[in-house]
Amino acid sequence: MNSFSLSNQVRSSENIQELHCDVLVVGGGINGVGIARDLAGRGLKVVLCEKDDLAAHTSSSSTKLIHGGLRYLEYYEFSLVRKSLIEREVLLKSAPHIMWPLRFVMPHDPSMRPLWFLRLGLFFYDHLAKRNILPASEKLALRHHPAGQPLKAAFTQGLLYSDGWVDDARLVVLNAMAARELGTTVLTRTLCSKAERSESGWKAHLHSSEGISYQVQARALVNATGPWVEQFLHEQVSEPNAQTKSLRLVKGSHIVVPKMFEHSMAYIFQNPDKRIIFVVPYEEKFTLIGTTDVEYQGEIEKVHISEDEVHYLCEQASRYFVKPVSKADVVWSYSGVRPLLDDASDNPAAVTRDYLLELDTQAAPLLSVWGGKITTFRKLAEQAADLLSKPLNSPASAWTAGKTLPGGDLSIYTPATERPDLDFSRFEAVLAENFQWLPASLRHRLARCYGSLVLQILSGASCLNDLGERIAPDLYEAELHYLCKQEWATCAEDVLWRRTKLGLHLNVHDRAAVAAWFDRQKSPKNAQQMPSLTV
C-alpha cells in the first residue's frame, strides 16, 4: 500500500514532485527502515530516503549474528546485553526464514581467561533474560565431540552456548517492505541534499539517481544516516547546535574461505589481544571469519579490508584449527564502518555498542540516532517512535513485538509453535510436496530468501520453463522481476551481494550475465514495461 496517491499527495511541477508527510526518515540502513516501519504502523505518514541501495553499507557488513554480546559482559554492559538477549527471541520469531538459532563453541585456551570465569559469564548470559527458543550453555569435552575434530589437539575443553544467525541485508529489505505495506514511501538511490527547519515543520530537498527531484514537507525529521549522522547535521541540516554527541568510526572486516568443517555450529575464539573472532558456517559451502576493530578515518564509501586485517584474521583462526587459514584461501571479503557512540574508550573493541536517541524539539522535531547494533534495531525503532509520539500528537502505542516481517508468517503452511526453526523446516517440507519439480538446492534458497512470499515468484509455475529465462545457475527471470518490482533492486550488485549471496556461488561469466540482464531492462523498449523502482 502507498498512502501517497498521485491524486492528493504528490504533485509534479517542472520535474519536482512534492510530498507531504508526518516524518521524513533519512537513511535506509537497519535503524532507518525499522523506525519507518514502526511509525507507519502507528498511523503516521512516512517518507524514507536512502542515497544508495538499502543496506548498502554498514547494515550489510555485520557478522550476521543476532546475539546478546557475550564479550560485553566483560565491560559491564549488563543493560545492553540484557536488552539484546530479550530481542534475540523476539526477532527469531519474526522472520524464521532469514533468522534461526545457532550454537557457538568456545574452545578453552588456558593461557586466556580461566574456565571458571567463562562459565560464570555464560551463567549470566543464560539467565539475564528469559529463553523459550534457545537452549542453555553446557560444558564440552572437545576430543569426543564433532566440534572438536577441526581443532588442534591442545584444545580439550570447551563451552557451548546459543545465539542466532541473521541475513542482515535481507532483514533491512523486509523492514522496508513492511514499512511500504503500511503506507511508507520508500525512495532508494535518493539523496537528501538539504533540510530546512522552521517552527512548523521541515522542508527537504531530495534528488534521485534517475533525475527526479522531490520537495518534502514533513512535520518531523529523523537522522538515521549511521556513519554519516554528524556530517548530515553539519552539511545537510546546518544545525550545529543540534549535535551534543559524537561518533567513533570503527572498521570491521570479514573474510570468507571455503568450508572448513562439516557440522552446523559456529566458533568463538579468544585472541591474545583480548579480542574475539567468530568463525561461522556461511552459504552452505563457505566459512565466515570476523571481525576486526580498527579506528577508521577515511571515506566511508571506500572502506575495504587491509592486508593487516587479512593477516590478523587468518593468524587468529589458525591458532585454533588443525588446517591453517591463509590469504590464498580467501574467496571474498567485506568491510563496514560501525558508527559507535564515542565513550572515550582507548580500545576500539571496548567502545559501547549501545545507542542513544537525541530528540531536539526547539523547533520542528529532529531525532538523531547515535550508535546501535543490528540485534537491538527493533527496540531502538520502538523507542524512537515513542519519543516522536508526543510532539506529533500521536496516541498510538508500541506494536512491533510479536509481529512477523514479510515472508515470516508460515502459519498458512504449518501451525506456529515456540520453535520457529522447526516451523521453517515444516514449511520447507510443504514446499517440496507442492513444487516437486523445483531442484532441491533452488527450492531451499528460495525458501530461505523469501519465506511465504516465495509464492509470488512461483505462482502459476509448474516447471522451470515457467520461471522464464535462466540467467545464471539457480537464477531465473521470475525472481529477478520480483526483486525489481518488490525489493528495489536496480542492478546486479543489489541482487548478487545483498538480496542474495549468489555472487559467492557464481563465476565471473555468470555474474556478467546478471549485469547484462539489468542492462537490457534499461533499454528504451524494456524500460516502459519495467515497474517503478523508487516509489
Side-chain angles (χ1 to χ4, degrees), residues 64 66 92-103 164-171 173-174 256 258-266 280-288 331-332 404-414 416-417 419-459 461-468 470-483 486-487 489 495-507 510-511 514:
K64 326 297 183 191
I66 294 293
L92 287 170
K93 292 177 181 178
S94 70
H97 54 309
I98 64 163
M99 292 183 272
W100 56 88
L102 185 61
R103 293 288 265 173
W165 163 267
V166 61
D167 186 326
D168 51 6
R170 290 210 60 74
L171 182 64
V173 170
L174 295 187
V256 176
K259 189 175 184 178
M260 297 189 64
F261 43 86
E262 294 302 320
H263 60 78
S264 60
M265 293 167 282
V280 186
Y282 191 58
E283 285 291 306
E284 307 286 343
K285 300 178 181 179
F286 301 95
T287 300
L288 175 66
V331 297
W332 185 48
T404 57
L405 289 166
D409 183 1
L410 307 178
S411 60
I412 61 172
Y413 299 94
T414 177
T417 68
R419 287 290 305 275
D421 53 328
L422 297 183
D423 294 344
F424 179 80
S425 295
R426 287 191 286 269
F427 161 68
E428 273 206 286
V430 173
L431 204 63
E433 179 69 24
N434 287 278
F435 296 94
Q436 298 182 21
W437 49 270
L438 267 179
S441 61
L442 175 58
R443 185 173 62 239
H444 177 71
R445 184 181 70 78
L446 293 176
R448 275 292 178 208
C449 278
Y450 308 108
S452 58
L453 293 181
V454 71
L455 290 185
Q456 294 192 27
I457 298 172
L458 300 178
S459 179
S462 58
C463 64
L464 285 174
N465 287 339
D466 291 339
L467 298 180
R470 177 183 178 273
I471 306 302
D474 269 3
L475 181 63
Y476 292 81
E477 276 197 301
E479 183 178 1
L480 288 172
H481 283 303
Y482 169 85
L483 290 171
Q486 300 296 335
E487 297 195 8
V495 171
L496 297 177
W497 300 107
R498 284 185 288 276
R499 305 306 186 277
T500 77
K501 292 297 182 290
L502 282 170
L504 261 178
H505 301 272
L506 301 179
N507 59 33
D510 293 326
R511 293 198 294 269
V514 179

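We number each residue from 1, following the sequence as shown. No experiment lies behind these values; they were computed from the predicted model shown.
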Plane angle bin for W332 and Y282 - parallel if under 30°, tilted between 30 and 60°, otherwise perpendicular:
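Because their plane-to-plane angle is under 30°, the rings of Y282 and W332 count as parallel.
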Separation of [Y] [atom2] from [X] [atom1] (nearest 0.5 Å):
| X | Y | atom1 | atom2 | value |
| --- | --- | --- | --- | --- |
| I457 | Q486 | CD1 | CD | 9.5 Å |
| D510 | L496 | CG | CG | 9.5 Å |
| F435 | L446 | CZ | CG | 10.0 Å |

Cation over ring face, R511 and W497, 6.0 Å, 45°
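No; the conditions do not both hold, so R511 does not lie above the ring face of W497.
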Go through the side-chain N and O atoms of Y450 and Q456 and say whether any donor and acceptor fall under 3.5 Å apart.
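Absent: no donor and acceptor within the cut-off.
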Distance alone, cut at 3.5 Å: any donor-acceptor contact between the side chains of D423 and T417?
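Checked: D423/T417 side chains pair up, N/O donor to acceptor below 3.5 Å.
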Begin from the C-alpha positions of V430 and T414 and carry the test side-chain contact (heavy atoms from CB on, under 4.5 Å) through to its verdict.
CA-CA 8 Å; V430 173; T414 177; 5.6 Å; no
Residues, nucleotides or ligands: over 12 heavy atoms within 6.0 Å of K259 NZ
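Above 12, so yes.
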Any chance you could lay out the side-chain contact (heavy atoms from CB on, under 4.5 Å) test for Y476 and R470, step after step, and finish with the verdict?
CA-CA 4 Å; Y476 292 81; R470 177 183 178 273; 3.5 Å; yes
Looking at residues at least two apart in the chain, or sitting in another chain, which of them share a salt bridge (Lys or Arg N to Asp or Glu O under 4.0 Å) with K93?
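Expected list: E418.
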Side chain to side chain contact (heavy atoms under 4.5 Å, CB included) involving E284 - partner list, sequence neighbours excluded:
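Per chain and number, E284 pairs via side chain to side chain contact (heavy atoms under 4.5 Å, CB included) with H444.
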Under the side-chain contact (heavy atoms from CB on, under 4.5 Å) test against R443, which residue among L458, L431, D474, V454 passes?
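Of the listed options, the one satisfying the test is L431.
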Could you list the residues that satisfy side-chain hydrogen bond (donor to acceptor under 3.5 Å, both in side chains) with D168, not counting sequence neighbours?
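Counting only residues at least two positions away or on another chain, D168 forms a side-chain hydrogen bond (donor to acceptor under 3.5 Å, both in side chains) with S62, K64.
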